[in-house]
2 protein chains.
Amino acid sequence: MTAAAHASSADQVLDVLLHQTEPVTRPFLATSCGLSRPTIFAAIQQLEQRGLVQAVGQQSGTPGRSATLYEVPEGAGALAAVDIGGSNLRVAIADLRGQLVGEQHEPTARPGGPAIVAQAIELLRSTLLASRMAAVPLRTIGVSVPGVLEHDGRTVRYASNIDQFEPFDFATPFADAFDTVVILDNNVNLAAMAERWRGAARELSTFAVVAVGAGIGAGIVHEGRVMRGAHGAAGEVAFLPPFGTRRKVDARAHDEAGGLSLLHDAQSRSGWRGDPPTTVEDLFRRAAAGERPAATLVEEECARIASVIASICAVIDPETVVLTGGVGDNDQLIARAGSLTEAMIPFPPTLIRSGLGDRASLIGAVHLAAQSAKQELVEDTSG
Amino acid sequence: MTAAAHASSADQVLDVLLHQTEPVTRPFLATSCGLSRPTIFAAIQQLEQRGLVQAVGQQSGTPGRSATLYEVPEGAGALAAVDIGGSNLRVAIADLRGQLVGEQHEPTARPGGPAIVAQAIELLRSTLLASRMAAVPLRTIGVSVPGVLEHDGRTVRYASNIDQFEPFDFATPFADAFDTVVILDNNVNLAAMAERWRGAARELSTFAVVAVGAGIGAGIVHEGRVMRGAHGAAGEVAFLPPFGTRRKVDARAHDEAGGLSLLHDAQSRSGWRGDPPTTVEDLFRRAAAGERPAATLVEEECARIASVIASICAVIDPETVVLTGGVGDNDQLIARAGSLTEAMIPFPPTLIRSGLGDRASLIGAVHLAAQSAKQELVEDTSG
DNA sequence: TCCATTTGTTAGGCAACTTGCTTATTGAAT
DNA sequence: ATTCAATAAGCAAGTTGCCTAACAAATGGA
């Protein structure tokens, strides 16, 4: 009922420990939490009893008594992440800090929510067993879904990308199979958070991720929070007026190696010297060489992307735009789209490539699971 | 250095009191703060000693002992607000809760930052003296400026609207004249916050305010926070690709009764039956009657506005868009622009008129001053 | 008049931190 | 080897900020 949870000292300490990659000392925790050493001592004792912290040796080399080093042991819990895409299924296992200890992917076998979820559960199970976390309790599964998440946090709509046209509950099958907390979010939102967590947008609190692949979509982060929109449609830049509804519902399907609409357009043009290009790299190479239909196509695509970026800037003015997706994750395109953008608006953003490529949504799902697990570990004490 | 200020009980109580319009009892404060009665008792005692709370009678009518009623007295402090516009200068005096006790406006006499600031100081002084707050200490002045605020919080750029082309410090003259804290923000941002505080967007945490007047600009609020953008250019929708840079720097000059670009366009068209329209109302009336150049102009303007709204929706998907400004604050335009928007995107927002009209930025400046004053009253105790 | 009810006030207590002190180690200087 | 300065570890008492419990005071209605 009362508003503020007022994170206790143990929670603060755990929070700091989960951000660390190396073991740390109690005096370090004291200064970084702003608490006194006795308080840290008590907090560490509590956390040790709960198995969330372990002493792992002594610090040496400095004058004075050597401090005990502590870390969150791998046995404290495992996280799982699943990225459900139209052509690829990715899973990962991580420790509570979000450090990956196992990752696998395979082509999507059959379309449709139930089939893909069954495949994902199998793949996740085998990846978990193959990892060194097989015996560790699985705390949370984060799932990246290609559609709009309803307010119940379980049901996904408009996942046309995987031929799931009816609303489908992607959470319960995982929860039943692994008897764990399952948390879902949209793939573009997760990709955006992943870029901020471990990708190209580290240290940025307001930016946009533009994914160009089968369609075009954007994930927008404002002051560290993903913009979702009233209808879950924030970032649906395929609907921007200059384009109308030409490329619409599948706009979020940005993680597909096949099905790139730019390649599709290319193959339906005539006038190629030899065969039409079959890869994005080939198309860009031929465009750079001045080959006629290639150069025109690339220039048109860059203009479209520049127009989308300019529109995003006119509305939210991000400092940085991260480009990703099968088409977008390309230096040549970024350079050209960047100079076109600069001609359109007086306050252009910095354009950078994704730091994570097509693993962005998966990494985002790991982050989601890590956040959720942390929150639950904190709520254990107060609730 | 340490992060959380962890609002003390007195701060919480003050916060609740500042949101109340009527005096309240201590038991009410206890339940609404989630604190016990003894704690409230102590907090009220502290606040009374600081002159921030006063007993103002007894509650009666209910069974049981009658409770003492408390409120923040007017003597606790005064706030001032200034809205610097290209054609009008507005000032207001309010109590700490933001309740207006005096308001005046007059046409801007001469352009340029220094002249307008001098005029504003005069007008503010006379308004303060004429109000019943003349003897009350002035805590904070909130100023709405027609330009981009630099990171120092004092210097304003691009105030071309008032013929101030060089960066100018709008804060120091007020601070010197009244020996008080002065806080500035952009007029569109303040108008947006005002709509949320006391206008059409009450209870909404994510929405956009689109101002159509001399130009077109937008203020965007995401989860209760105004989006500013990396260059202070968030909401500069005049730069959206379909329009190019046709209407640019003066886009934020939305509060001007004169200088409406739609009227300007109208007067430069030929083919009017009689004189061209001189007011927006006249133009819309003649358009509704089917008069030729009027109907075309209005339809074009509505299409432009719908396109801007659709672009905003494709990027941030707000639930509601508030329309304001000399042209935008008009039912006929809102109805037409609304139906055009619905044809452009599948997740249209609700369009509503401003609840505050051309006083929005001034009300926003009052809000800004009230927030700043509250923060300082809180920091007094902890710092 | 008495009573149920609600407010006002005091007293005591507890949780979560703090500061200040003593003790235990450690690397380097003598 | 011994000593010293520096740092960590651990203990004791004090402070803060809130709570619950209990009771006194005031009020409308039976």
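Letters go in sequence order (proteins before strands), and every chain restarts at 1. Everything numeric in this text was worked out from a predicted model, so none of it was measured.
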*Kindly point out which of C:dG8, C:dC17, D:dA9 is positioned nearest to the side chain of A:Ser8?*
C:dC17
Between [N] ([atom2]) and [X] ([atom1]): distance, integer Å:
X	N	atom1	atom2	value
A:Phe41	C:dA16	CZ	P	17 Å
A:Arg26	D:dC11	CZ	P	11 Å
B:Ile44	D:dC18	CD1	P	14 Å

Verify, without hydrogens or angle tests, whether [X] (side chain) and [Y] (backbone) share a donor-acceptor contact under 3.5 angstrom.
X	Y	result
B:Gln59	B:Ala67	no
A:His19	A:Asp15	yes
B:Thr206	B:Glu223	yes

*Verify side-chain contact (heavy atoms from CB on, under 4.5 Å) between B:Arg196 and B:Leu204, making sure each step is shown before the conclusion.*
CA-CA 7 Å; B:Arg196 178 168 143 83; B:Leu204 294 176; 5.7 Å; no
*Where each residue is assigned the nucleotide of DNA chain C containing its nearest heavy atom, which of A:Ile40 and B:Phe28 is assigned the position nearer the 5′ end?*
B:Phe28
*Whenever both distances are under 3.5 Å in a Watson-Crick or G-U wobble pair, mark it; put DNA chain C into dot-bracket that way, with [ ] for crossing pairs and | when the partner is on another strand.*
||||||||||||||||||||||||||||||
*Below 4.0 angstrom from OP1 or OP2 of C:dT7, is there any side-chain N or O of B:Thr25?*
no
*asked:* Strictly below 4.0 Å, N to O, side chains only: are B:Arg132 and B:Glu74 in salt-bridge contact?
replied: yes
*Answer yes or no: are there more than 12 heavy-atom neighbours, outside A:Asp152 itself, under 6.0 Å from its atom CG?*
yes
_Within the supplied structure, the quantity of interest is the number of heavy atoms (other residues, nucleotides, ligands) at a distance under 6.0 Å from B:Arg97 CZ; does it exceed 12?_
yes
*If the sugar-phosphate is the primed atoms plus P, OP1 and OP2 and the base is the rest, what is the B/S/- string for nucleotides 20-30 of chain D, using protein heavy atoms under 4.0 Å?*
BB---BBBS--
*asked:* Which residue in the set B:Val366, B:Ile183, B:Leu368 passes side chain to side chain contact (heavy atoms under 4.5 Å, CB included) when paired with B:Thr140?
replied: B:Ile183
